[in-house]
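See below for the structure under consideration.
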Amino acid sequence: MHRELKQFGHVDQTHFIAFDADKFTTITNNISVEHNWDFFKYYTECKDDIYIYPDKRSLYSAMSVSRSDIGEDYYNELVTIVRSKLISFDSIKWFSIPKSLPLKGAANF
């Protein structure tokens with residue numbers, strides 16, 4: 001898959017993404033960065049956007065792709081690949097304190 005994204009940033013620069021079952025690539029006029037899917041670990045979806053988070057890196061290194069950026073068919077294919085390879089943030093059981101455990105100085109709900 002290879003789909004031109006809407007231009008952003010400098011007017012003379014075009015951005016692309018390319019992806020398949022093995023890798024995810026971002027391409028500009030000046031640089032191309034290719035990652036195997038095992039570089040990423042988590043993902044989350046929010047309306048018409050998907051956010052892909054790398055393993056062992058800052059959350060600020062996340063990549064986002066919007067349905068409007070790449071179109072319905074490419075977006076659906078990307079989501080299918082991401083769901084099959086990465087862990088959804090929604091599926092993680094975050095640590096929580098049982099409600100039956102009283103906390104000193106805290107309100108119990």
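As the structure is a computational prediction, the values presented were derived from the model and not from experiment. Side chains included, hydrogens not; waters and symmetry mates left out as well; all remaining heavy atoms used.
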Closer than 3.5 angstrom, by distance alone: can the side chain of K85 be matched with the main-chain N or O of A21 as a donor-acceptor pair? yes
Atom OH of Y51 and atom OG1 of T44: how far apart are they, to the nearest 0.5 Å? 9.0 Å
Any chance you could measure I27, atom CD1, to E34, atom CD, to the nearest 0.5 Å? 8.5 Å
Quick one: pull up CZ in F16 and CG in N29 and give me the separation to the nearest 0.5 Å. 7.5 Å
Roughly how far apart are D69 CG and Y74 OH, rounded to 0.5 Å? 14.0 Å
Ring-ring centroid check F89 Y53, cutoff 6.0 Å: yes
Counting only N and O atoms by type, is there a donor-acceptor contact under 3.5 Å from the side chain of D20 to the main-chain atoms of D22? yes
Checking ring pair (Phe, Tyr, Trp, His ring centres under 6.0 Å) against W37, which of F24, Y42, F19 comes through? F24
Can you see whether D48 engages S66 through a side-chain donor-acceptor pair at a distance of less than 3.5 angstrom? no
Side-chain heavy atoms of V79 within contact of Y43, under 4.5 Å: no
Could you grab the distance from atom CG of L86 to atom CD1 of I52, nearest 0.5 Å is fine? 7.0 Å
So, do R67 and N76 sit near enough that their side-chain heavy atoms are less than 4.5 Å apart? yes
